[in-house]
Number of protein chains: 2
Amino acid sequence: MPAPLPPLAVSLGDPAGVGPELLAEAWHRRQAGDLPWFVVGGAGLLRAAAETRGFDLPLAPIGAPEEATDAFADALPVLGDLDGAYRPGAPDRDGARLALASLDQAASLAAGGRAAGVMTGPIAKSRLAEIGFNHPGQTEFVAGACGVAAADAVMMLAGPTLRTVPLTVHIALAAVPGALSADLIVRRARIVARALVRDFGLARPRLAIAALNPHAGEDGRMGGEEAAIIAPAIARLQAEGLAVSGPHPADALFAPRARETYDVALCMYHDQALIPLKALDFDAGVNVTLGLPTIRTSPDHGTAFAIAGKRLADAGATMAALRMAADCARRRAAA
Amino acid sequence: MPAPLPPLAVSLGDPAGVGPELLAEAWHRRQAGDLPWFVVGGAGLLRAAAETRGFDLPLAPIGAPEEATDAFADALPVLGDLDGAYRPGAPDRDGARLALASLDQAASLAAGGRAAGVMTGPIAKSRLAEIGFNHPGQTEFVAGACGVAAADAVMMLAGPTLRTVPLTVHIALAAVPGALSADLIVRRARIVARALVRDFGLARPRLAIAALNPHAGEDGRMGGEEAAIIAPAIARLQAEGLAVSGPHPADALFAPRARETYDVALCMYHDQALIPLKALDFDAGVNVTLGLPTIRTSPDHGTAFAIAGKRLADAGATMAALRMAADCARRRAAA
């Protein structure tokens, strides 16, 4: 019999955002059979955040991740002494430092195998940048903690109806055509295909590759990247035996019948991947990092400072991110 | 009492595509109170197309648009002698010539006021190009028939849950940033706002303007078009008293709650407008041309040669396009 899985590590996110209240709510709505999880720090502000949602949150201070497994049923396990004041909607540097320390420890525990994976709460990059955080985002930070090159940590957005991967992310639209290459597409597609087998239990994942130009360029009349870059990448992937199709006109790719023909859509730029995901799966989208030696998920929304502490934020994406991390960790452990 | 509205003119579309069968089906499913419409040509192939859908189609040959009003209840009115062989899935030059002649006459009847508007069936641009059609699409052709500059005929996609306007359309993605200007946005936004008042009955239409770059450029860190082009255009439009907001990060703009905050989203490029529309409203999307002296609509799908004649094509978008043309024509006539 295999050893039981360790719990999931969870980072607070920015304490002035919706992260703490959504973690409190997610524990409050836990179900039998959930893989236990613990938060790194923030006992006082988690309790205060729960009060804004209208319930008392029992907390279980723990000194090591393993203690969370037994504690989780009756109280939210909190690891360590990190804490701060709860000032929803009013981000400051103390909060940014707390968010970064929580992220750092949670990622390290997952990278080191003390946690089965890490679910990261939402941060404000511009706030963290003020205190010296120089990663493009949490994805790259967690990759670094795992010793994986940022280029090999692949962001996937997953909701109940759709999975998408943006092949370029936080760059200007004008820079997208120049950032694409057949090598990039091939490298990322391999990582995606492997992860969908190992972590998502798909025997033969079907990858649909989106075109860059309208109508897939219409035979070169509206852009040449399909013929020069995307089609050759698809041919190489197919030659490796992967189930890859495209380049597909992006506007048709997310219509209901088209969505039934693939397991994940690889997109050429941020909004091509995020527009359909948020249109269709807004309150349940999960950001998952593929290609890491551990599991990392995150709710696909920001800090939402404007509604923090106002009982307005929906916990659906946080709960979905916790569930997805647990499901992936269990599949990997069982393989 | 105002004179009764004339009927709508309808063009066949490519006879080898799904156009004829969807027109037959749309007449078959007509309802009391529908504004009557007539097809320009194609009696024989409309009858043959109806047979593939499993019903007999009664036809009423007419010599003038006005005759359609009385004939419509009992038979599909067909104007003129244009006709051809019904060979679904097998497009040829004869079919392209027929499609163009039908479009030309239908557009002229609407432009001249003999029809209350025109609903155009789907054509294959590459097929029409072979016989000398040199317009980017039907939108520009109909604009020309009306004596309107192509730049002032604005394409809007409208479905039950969303309206979007692509400010650039059939150009490579790499060419999009260079094609945008504050003047372009202002000029098109004014046309959109006027049309939503006059043709769609909105007292004060709310226009949401999408950003070009991810996260609306994040204060210039990922592209400068928001500050240089889009925000100044919005300021000019607001100064004119229009209800205009933005630039909005495009990925969040089509999520359910965001959709409630505007009546139309103005988008910077083709797929930004078409991805959410087709994801959300695939079988009911209507392409409507704003800024013309007549009404023009079209179902938001292509010829679909692969499924023509196979009883697979959904008539929802064709019926929605006919209904929208009728509604717009009635509002304009009542104003």
Side-chain angles (χ1 to χ4, degrees), chain A residues 125-126 129 136 157 161-162 166 168-178 180 210-215 217-226 249-259 267-283 285 300-302 312 314, chain B residues 125-126 129 136 157 161-162 166 168-178 180 210-215 217-226 249-259 267-283 285 300-302 312 314:
Chain A
K125 258 180 305 175
S126 58
L157 293 312
T161 56
L162 187 64
T168 64
V169 187
H170 293 128
I171 59 174
L173 191 81
V176 167
L180 296 173
L212 176 69
N213 295 297
H215 304 187
E218 261 187 21
D219 298 323
R221 281 188 291 274
M222 303 187 273
E225 291 86 354
E226 285 73 20
D251 61 339
L253 188 56
F254 306 103
R257 281 187 293 269
R259 294 200 301 267
C267 299
M268 297 300 131
Y269 53 93
H270 180 277
D271 285 353
Q272 195 181 50
L274 275 287
I275 285 174
L277 199 286
K278 293 194 175 186
L280 296 167
D281 290 333
F282 190 61
D283 277 330
D300 178 33
H301 59 66
L312 291 170
D314 189 302
Chain B
K125 258 181 303 175
S126 58
L157 294 312
T161 56
L162 187 64
T168 64
V169 187
H170 293 128
I171 59 174
L173 191 81
V176 167
L180 297 173
L212 176 69
N213 295 297
H215 305 188
E218 261 187 21
D219 297 324
R221 281 188 290 276
M222 303 187 274
E225 291 86 353
E226 284 73 20
D251 60 340
L253 188 56
F254 306 103
R257 281 188 292 268
R259 295 199 300 267
C267 299
M268 297 299 132
Y269 52 92
H270 181 276
D271 285 354
Q272 196 181 49
L274 274 288
I275 286 174
L277 199 285
K278 293 195 175 184
L280 295 167
D281 290 333
F282 189 61
D283 278 330
D300 179 33
H301 59 65
L312 292 171
D314 189 302

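Just so we're on the same page: letters track the sequence lines, and every chain starts at 1. Note that this is a predicted model, so its numbers are computed, not measured.
For a residue to count as touching a neighbouring chain, one of its non-hydrogen atoms must lie under 4.5 Å from one of that chain's; by this rule D283(B) touches chain A with the side chain only. The part of S126(B) that comes within reach of chain A is its side chain, from C-beta onward, which places non-hydrogen atoms under 4.5 angstrom from that chain. Within the 4.5 angstrom heavy-atom criterion, only side-chain atoms of P177(A), from C-beta onward, approach chain B. When heavy atoms are compared at a cutoff of 4.5 Å, I171(A) approaches chain B solely by way of its backbone atoms N, CA, C and O.
Remark: L274(A) CG to I275(B) CD1 distance equals 11.0 Å, nearest 0.5 Å. Note that the CG atom of D251(A) and the CG atom of D300(B) stand 8.0 Å from one another [nearest 0.5 Å].
Chosen from A258(B), G223(B), A255(B), the residue pairing most often with chain A at heavy-atom distances under 4.5 Å is A255(B). The choice from H301(B), E218(B), K278(B), M268(B) that makes the most heavy-atom pairs within less than 4.5 Å of chain A is K278(B). Looking only at heavy-atom pairs under 4.5 Å with chain A, the residue among L277(B), L162(B), L280(B), T161(B) that has the most is L280(B). Between chain B and the residues A252(A), A250(A), P166(A), P249(A), the most heavy-atom pairs under 4.5 angstrom are made by A250(A). Between chain B and the options R221(A), R257(A), H170(A), E225(A), heavy-atom pairs under 4.5 Å are most frequent for H170(A).
The side-chain heavy atoms of N213(A) and D271(B), taken from C-beta on, include no pair separated by under 4.5 Å. When side chains are defined from C-beta on, H270(B) counts as touching H215(A), because their heavy atoms get closer than 4.5 Å.
Of all the heavy atoms in A279(A) and P256(B), the pair that sits closest is O-CD, 4.2 Å.
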